[in-house]
J.: 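So that we are looking at the same thing, I have put the structure below in structure tokens.
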Amino acid sequence: MKTDILVIGGGIAGLSFALRVSKRASVTLVTKTEVMESNTRYAQGGLAGVFSENDDFALHVADTLKVGDGICNKEAVKVLVENAPDSITWLDSLGVAFDKNGSFHLGKEAVHSRRRIVHAGDSTGKSIQQVLVDRVTEGKITVLEQHDVVSILSEKGRCGGAVVVCDGERKIIHARATVLATGGIGNLYSRTCNPAIATGDGIALAYEAGATLMDMEFIQFHPTGLLHKGTNFLLTERLRGEGALLVNAQGERFMEHYHPEREMAARDIVARACFMEAQKTGADVYLDMTTIAKDVLEKEFPAITAKCTLLGYDVFSEPVPVSPTAHYLCGGVKIDLSGRTDVDGLYAIGEVSCSGAHGADRLASNSLVDGLVFSKRLAEHLEKGLLEPVEIEETLLDEESSSLSAIQALMWEHVGIVRNQQGLQYCLDELKKLTGRNATVAEMITRCALAREESRGTHYRSDFSTKIDLFRKHTLINKEGISFE
Ligand code: SIN
């Protein structure tokens with residue numbers, strides 16, 4: 001099969017990119033399961049954009065840099081922030097039912113110095129996913145669901161499509177441009193709020209094709225995953241923005257012992273504090289939403305109140321148990337500001353990619369806009385012209401994949417919220433005994449975490465607990481090895 005553009009993955013980045021480029025090129029979009037399933041679908045909080053009169057781009061940039069902890073690519077941050085409002089307005093024009101009262105209702109999340117979170121109740125991602133899927137499937141884009149990409153067709157630094165498997169049948173898709181939009185890696189950890197499909201497939205595919213990965217050690221843990229067996233449900237940061245508090249098993253607030261900004265400190269700080277408080281007290285920590293007026297809680301957080309009620313919690317009268325949970329990969333496949341990787345014809349957008357906009361930790365609600373902004377920039381880049389077609393032969397890479405649960409346990413234990421040399425080295429040695437793309441991605445994360453002998457953003461080393469200027473750099477890893485730049 002031949003197509004101009006092959007898009008791998010159907011979250012906000014892949015879908016919005018496909019919509020934008022399909023006017024001028026043939027587009028095939030493949031998804032590992034059904035097209036409605038993606039990390040985007042589970043996003044609660046929203047999209048950060050400068051809309052209010054007391055806000056400006058410089059403030060949003062400053063907040064993003066603060067959380068990024070010294071290693072953001074400032075140009076990428078500027079691009080992200082300055083293009084966010086237009087991208088959000090574009091989604092609005094497609095019919096996403098954002099909360100409005102004349103203008104957008106703007107929520108607050110940690111470190112944002114202004115209210116700037118555009119949202120659709122507490123199911124923002126679901127509304128976006130539905131609207132984009134409707135638009136994509138009614139157009140002329142070929143959507144292939146249940147198609148798992150097993151390798152990228154690449155040769156001498158040039159990509160020419162991918163090999164997919166559906167119902168055991170192998171198919172080759174030749175493409176002039178191949179776009180990775182496969183999302184993150186949360187499901188490589190035993191505790192995650194990501195769906196099962198988030199196993200970093202695009203990272204492994206890109207690495208195998210010769211691309212460089214960047215800042216892979218920076219895994220963001222969200223502080224408040226609902227701690228309830230069998231669910232990976234998130235309790236959005238916007239709850240803390242509206243006044244919800246973190247308390248220990250004795251009902252005491254504890255964030256003041258960890259950071260002056262308490263519940264509104266950067267996410268890595270709050271996640272670590274929850275982790276450490278639970279260790280110190282030997283008991284769970286809780287999110288107390290009773291501080292939010294009942295009508296606000298019901299009106300603004302209907303999915304959360306419904307889910308908690310279903311699971312037996314009365315959020316109006318008691319705190320609910322929470323735990324940090326693997327949430328977002330700040331690193332990924334290294335891209336330039338147009339979405340190009342260092343393999344010709346291979347591009348990346350959304351969570352799988354890394355422009356450096358998020359540095360060592362990501363500001364809340366900057367991820368959906370990242371998917372929108374960089375997919376638009378890639379669409380504009382490709383509209384100027386596609387590379388000439390190439391016919392690249394398939395190289396077979398069939399190997400048995402090791403059990404995901406073994407990898408999840410290793411990663412949670414040794415490459416989680418608090419890391420050290422001994423645990424990282426043990427994990428790496430164990431991962432080397434395993435095979436398959438999940439093991440490859442886990443190994444990349446672990447190698448980068450081992451090499452960064454400092455603590456910065458989401459990467460905390462108990463054996464190197466401070467920030468070191470020497471490491472104020474990006475971590476780069478590819479088949480040739482690892483370096484800092
Ligand atoms: C949340 O709703 O707390 C998550 C938002 C985000 O990760 O940007």
Side-chain angles (χ1 to χ4, degrees), residues 11-13 38-49 60 63-64 66-68 77 80-81 84 87-88 91 98-99 105-112 115-129 183-186 192-195 198 218-226 232-246 263-271 274 287 289 292 297 300-305 307-308 320 322-330 332 350-351 357-373 457-458:
I12 191 168
S38 75
N39 227 342
T40 297
R41 173 184 171 168
Y42 300 94
Q44 296 179 354
L47 304 99
H60 189 178
D63 296 344
T64 303
K66 181 176 170 188
V67 177
V77 174
L80 178 71
V81 164
S87 294
I88 296 169
L91 268 189
F98 290 124
D99 288 5
H105 175 275
L106 299 174
K108 173 107 171 79
E109 287 182 323
V111 190
H112 285 279
R115 285 194 167 261
R116 58 170 81 98
I117 315 302
V118 177
H119 58 97
D122 55 354
S123 303
T124 310
K126 197 168 165 195
S127 307
I128 294 171
Q129 185 80 17
I185 55 86
T192 181
C193 49
N194 290 182
F218 295 111
I219 312 295
Q220 184 181 77
F221 292 85
H222 195 292
T224 56
L226 180 64
N232 56 0
F233 194 69
L234 190 71
L235 300 174
T236 178
E237 191 159 307
R238 220 156 51 71
L239 287 160
R240 277 176 282 133
E242 296 304 328
L245 302 175
L246 285 161
E263 279 83 358
M264 298 308 275
R267 209 171 266 180
D268 62 280
I269 294 166
V270 182
C274 289
L287 186 69
M289 300 173 230
I292 305 176
L297 203 47
E300 291 209 21
F301 304 97
I304 288 174
T305 48
K307 179 76 175 187
C308 289
V320 296
V322 291
S323 160
T325 177
H327 182 55
Y328 186 83
L329 172 65
C330 301
E351 190 174 347
H358 307 303
D361 191 10
R362 174 180 61 79
L363 182 68
S365 288
N366 265 357
S367 56
L368 293 174
V369 279
D370 177 300
L372 283 176
V373 166
T458 61

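Atoms within a ligand are numbered from 1 in the order they appear, just like the ligands themselves. Quantities reported herein were computed from a predicted structural model and do not represent experimental measurements.
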J.: Can you confirm, on distance only, whether ligand 1 has an N/O atom lying under 3.5 Å from any N/O atom belonging to Gly45?
T.: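 Min N/O separation from ligand 1 is below 3.5 Å for Gly45.
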J.: What atoms in ligand 1 come closer than 4.0 Å to a heavy atom of Glu237?
T.: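 Those of ligand 1 that fall under 4.0 Å from Glu237 are 1 (C), 2 (O), 3 (O).
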J.: Below 4.5 Å, heavy atoms only, C-beta onward: do Arg41 and Pro195 meet side chain to side chain?
T.: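 No. Closest side-chain heavy atoms not under 4.5 Å.
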J.: Other residues, nucleotides and ligands only: do more than 12 of their heavy atoms fall within 6.0 Å of NZ on Lys108?
T.: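 Atom NZ in Lys108 is crowded, with more than 12 foreign heavy atoms closer than 6.0 Å.
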J.: Less than 4.5 Å apart, any side-chain heavy atom of Phe301 and any of Gln44?
T.: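 Side-chain contact under 4.5 Å: no.
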J.: For atom 5 (C) of ligand 1, which of His222, Arg267, Arg238 has the closest heavy atom?
T.: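 Answer by nearest heavy atom: Arg267.
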J.: Identify, by atom number and element, the atoms of ligand 1 in contact range of His327, meaning under 4.0 Å from any of its heavy atoms.
T.: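 Answer for ligand 1: 4 (C), 6 (C), 7 (O).
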J.: Tell me: protein heavy atom nearest atom 2 (O) of ligand 1, and distance?
T.: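 It is Thr236 OG1, 2.5 Å.
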J.: Evaluate the side-chain proximity of Thr325 to Asn232: yes if any heavy-atom separation is below 4.5 Å, no if none is.
T.: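 With C-beta onward as the side chain, the pair stays apart.
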J.: Given the rule in the ring-ring contact (aromatic ring centres under 6.0 Å, His included) test, do Tyr328 and His358 qualify, once you have shown the distances and angles that lead to the verdict?
T.: CA-CA 11 Å; Tyr328 186 83; His358 307 303; 5.7 Å; yes
J.: Students should be able to answer this: which protein heavy-atom is nearest to atom 8 (O) of ligand 1, and at what distance?
T.: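 Checked against all protein heavy atoms, atom 8 (O) of ligand 1 sits closest to Ser365 N, 2.6 Å.
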J.: Out of all atoms in ligand 1, which are within 4.0 Å of some heavy atom of Arg362? Include the element for each.
T.: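 Every atom of ligand 1 under 4.0 Å from some heavy atom of Arg362: 6 (C), 7 (O), 8 (O).
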J.: Using a 4.0 Å cut-off to any heavy atom of Ala364, which atoms of ligand 1 qualify?
T.: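 Matching atoms, with element in brackets: 8 (O).
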J.: Locate the shortest heavy-atom distance separating Leu91 from Ile12; write the atom from each residue and the value.
T.: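 Where Leu91 meets Ile12 most closely, the heavy atoms are CD1-CD1, 4.2 Å.
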